[in-house]
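Here's the structure we're looking at; comments come further down.
Every number for a ligand or one of its atoms is a count from 1 in the order of the listing. FYI, side chains are in, hydrogens and waters are out, and symmetry mates aren't considered; it's all heavy atoms of this structure.
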Amino acid sequence: MLLEISDLSSHYGRILALKGIDLRIEQGELVALVGANGAGKTTLLRCLSGVQPLSGGAIRFDGADISRMSAEGRVAAGIAQVPEGRQVFGPLSVEDNLRLGAYRRRGKGVAADMERMYALFPILRDKRHLPAGTLSGGQQQMLAIARALMGAPRLLLLDEPSMGLAPLLVAEIFQTVQDLKRQGTTIFLVEQNATAALAIADRGYVLETGAVVMEGTGAELLADDKVQAAYLGL
Ligand code: ATP
């Protein structure tokens, strides 16, 4: 087991935002977390990346309790988050953005990984000398994912990668996420686009008002009447 969240709760002041969350991710799995606006998806990611304190429960990563580890420490341990809204360094070139993603590594395999990123995202190679801020929204999303991967993470956290993208680009991003999984990356995919996320996920969790209300394989959840009614608009 790579990640194991048990009985996690978290507050904003007196507001209980997450309660009794149990969730696990095995090495190599693609796990989706879906839920409506305000369900607590972002809060759970904040708990994982270490910027939001837990009020109860625990997070174990590769067997070690990281519940109180700093955000820095978690990045060093191999947890990389691609934040919602991309947030690339606009004035820097595409290539410099990628290099920054590898700043913790001592050159080992960085050049090879840069090539791997350009193979995954050919458009980034074409635009490698251009300021990242000149890329389209979809291209910036790809760059944000590639930059996170340059850190050679053991777990990739994706926060709403399809947000604000045109349908064609959404399909492309989900295709890429699937390719990454096939290449062995362990991925936690947080999405409001439940259909697309569950279609590619090994397993998924449905979050509602701060609690996990359902879990299963991606296919099981996609076929579930309640999930269809609540999240898939069917
Ligand atoms: P979205 O898709 O809009 O990001 P979400 O599922 O990620 O939604 P969260 O942002 O995690 O949901 O919010 C969970 C709950 O916590 C919501 O009820 C929200 O109003 C509340 N909340 C979020 N941030 C804060 C905050 N800084 N202070 C107080 N309450 C907050």
Side-chain angles (χ1 to χ4, degrees), residues 3-25 30-59 61 66-71 74-75 79-88 137-138 140-141 144-145 148 155-167 169-171 173-174 177 187-201 203-216 218 221-222 224 226-234:
L3 183 82
E4 202 165 6
I5 298 174
S6 40
D7 200 22
L8 177 153
S9 60
S10 187
H11 288 75
Y12 290 106
R14 284 190 189 162
I15 301 169
L16 181 59
L18 294 173
K19 49 196 175 233
I21 303 287
D22 289 313
L23 187 153
R24 66 203 151 75
I25 302 178
L30 167 49
V31 173
L33 179 71
V34 301
N37 229 313
K41 304 184 298 298
T42 299
T43 306
L44 184 57
L45 277 182
R46 288 167 51 83
C47 288
L48 282 178
S49 57
V51 295
Q52 165 81 20
L54 313 191
S55 25
I59 303 173
F61 185 65
I66 60 161
S67 309
R68 275 166 200 80
M69 189 183 267
S70 68
R74 294 183 203 204
V75 174
I79 301 178
Q81 178 160 6
V82 180
E84 188 180 314
R86 311 185 263 276
Q87 303 172 18
V88 298
Q140 288 190 27
Q141 180 64 66
I145 294 174
L155 173 64
L156 185 67
L157 309 177
L158 294 176
D159 192 4
E160 309 258 4
S162 78
M163 173 87 101
L165 299 183
L169 283 174
V170 171
I173 289 286
F174 280 100
V177 173
I187 300 168
F188 188 41
L189 172 63
V190 173
E191 263 295 339
Q192 272 191 60
N193 188 338
T195 317
L198 293 174
I200 62 169
R203 291 187 305 109
Y205 293 83
V206 178
L207 196 63
E208 239 174 61
T209 55
V212 171
V213 292
M214 228 183 288
E215 66 174 282
L221 291 177
L222 263 183
D224 186 276
K226 276 174 291 182
V227 174
Q228 291 197 353
Y231 301 100
L232 309 181
L234 300 174

Using a strict cut-off of 4.0 Å, indicate which atoms of ligand 1 neighbour a heavy atom of [X].
{"X": "Thr43", "result": "9 (P), 11 (O), 13 (O), 14 (C)"}
{"X": "Glu160", "result": "2 (O)"}
{"X": "Ala39", "result": "5 (P), 6 (O), 12 (O)"}
{"X": "Gly40", "result": "5 (P), 6 (O), 9 (P), 11 (O), 12 (O), 14 (C)"}
{"X": "Ala36", "result": "6 (O)"}

Please tell me whether Tyr205 and Arg203 have a donor and an acceptor in their side chains that are separated by less than 3.5 angstrom.
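Checked: Tyr205/Arg203 side chains pair up, N/O donor to acceptor below 3.5 Å.
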
Can you see whether Gln52 engages Thr43 through a side-chain donor-acceptor pair at a distance of less than 3.5 angstrom?
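No pair is found: no donor N or O on one side chain lies under 3.5 Å from an acceptor on the other.
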
Please report the interatomic distance [atom1]([X]) to [atom2]([Y]), rounded to the nearest 0.5 Å.
{"X": "Leu158", "Y": "Leu156", "atom1": "CG", "atom2": "CG", "answer": "4.5 Å"}
{"X": "Ile59", "Y": "Ile66", "atom1": "CD1", "atom2": "CD1", "answer": "5.5 Å"}
{"X": "Leu18", "Y": "Arg46", "atom1": "CG", "atom2": "CZ", "answer": "11.0 Å"}
{"X": "Leu44", "Y": "Leu54", "atom1": "CG", "atom2": "CG", "answer": "9.5 Å"}
{"X": "Leu222", "Y": "Leu198", "atom1": "CG", "atom2": "CG", "answer": "5.0 Å"}
{"X": "Glu160", "Y": "Leu165", "atom1": "CD", "atom2": "CG", "answer": "11.0 Å"}

So which bit of Arg46 gets within less than 4.0 Å of ligand 1, heavy atoms only: side chain, backbone, both or neither?
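For Arg46, no heavy atom sits under 4.0 Å from ligand 1.
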
Under-4.0 Å protein heavy-atom contact, atom 28 (N) of ligand 1
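At least one protein heavy atom is under 4.0 Å away.
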
Just to confirm, does any protein heavy atom lie below 4.0 Å from atom 25 (C) of ligand 1?
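Yes, because at least one protein heavy atom sits under 4.0 Å from atom 25 (C) of ligand 1.
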
Just to confirm my output: which protein heavy-atom neighbour is closest to [atom], and how far is it?
{"atom": "atom 8 (O) of ligand 1", "answer": "Gly38 N, 2.8 Å"}
{"atom": "atom 16 (O) of ligand 1", "answer": "Tyr12 CE1, 3.5 Å"}
{"atom": "atom 1 (P) of ligand 1", "answer": "Asn37 OD1, 3.5 Å"}

Of the listed options Thr42, Leu207, Thr209, closest to atom 10 (O) of ligand 1 (non-hydrogen atoms)
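That would be Thr42.
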
